[in-house]
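All values derive from a computational prediction rather than experimental measurement. For ligands, and for the atoms within them, numbers begin at 1 and follow the listed sequence.
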Amino acid sequence: MSKAKTGLVQILDQLEKFYGPQEPAWPTEPDLFLVWWYCGYPASDAACARGWESLQREVGTDLEQILRASPAKLAAAIKPGGMVPEVRALRLKEIAARIKDEFSGDLRAALVGPLAQARKILKRFPSIADPGADRILLFAGIAPLAAVPSNCPHVVVRIQHGRERENYGVTYREAQQAIAAEIPEKFDARTRAYLLLKRHGQELCKRTKPRCPECPVSSACAYFAGRHRGRSARA
Ligand code: SF4
């Protein structure tokens, strides 16, 4: 008799038991998220957090504080976040000015409305694509979307189908469909899924060389069972 497939909610329960409850490590208000995002480059939780903490200390993260600071002072403040601080400083000033001028300083109010319109507004900010827009709308409590961590859509795909596809867009869509189909359309359920899949992708289910022998969900994982969908297990 074939083994019953483990549902995604049960997989998340096992991941939560292993890693503990997860909290977002970034500000969830849309305007502050954008500031945080440009605090690091290449953008990662660690780089953005370093730049953000320094910005808080040296300038402040309020839009008015960013607008008042000189580009040189901003660049020095976000330097701990990584490369091209001068470019990121100009970007911070640009987004602060746009939020102030185009949305009267209230980006959240502009996002509460038709979903397509909200996504369009967010994607007009530099380096925000669909994954970033969905993440902002979900964590801000605006729309309970099936958001997928952009750096690890492969996690849920490996568990359910086996080896992820070579095409990032296809893998991303497969991950989004899995979350949409199995995780209730509620903010707490969808943010929990996002955070646990992200943590697992960072810790064990890495894009290259996943650490399967240590994985708490290996017994339910199609990749671990050898389903590589016509490709080698090696990345
Ligand atoms: S068994 Fe391996 S591929 Fe499957 S979820 Fe765990 S780490 Fe990822």
Note to self: Applying side chain to side chain contact (heavy atoms under 4.5 Å, CB included) to Leu145 and Arg119, what does each step give before you reach the verdict?
What the structure shows: CA-CA 11 Å; Leu145 299 170; Arg119 279 205 180 104; 4.0 Å; yes

Less than 4.0 Å between a side-chain N and a carboxylate O, is that true for [Y] and [X]?
X	Y	result
Glu203	Arg211	no
Glu58	Lys79	no
Arg192	Asp13	yes

Neighbouring protein N, O or S atoms of atom 6 (Fe) of ligand 1 [cut-off: under 2.8 Å, no waters]
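The answer is Cys215 SG.
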
### Gln160 and Gln177: CA distance, side-chain angles, deciding distance, side-chain hydrogen bond (donor to acceptor under 3.5 Å, both in side chains) verdict
CA-CA 11 Å; Gln160 292 201 329; Gln177 283 161 2; over 6 Å; no

- request: Carefully, step by step, assess Leu63 and Val35 under the rule side chain to side chain contact (heavy atoms under 4.5 Å, CB included).
  value: CA-CA 9 Å; Leu63 298 181; Val35 172; 4.2 Å; yes

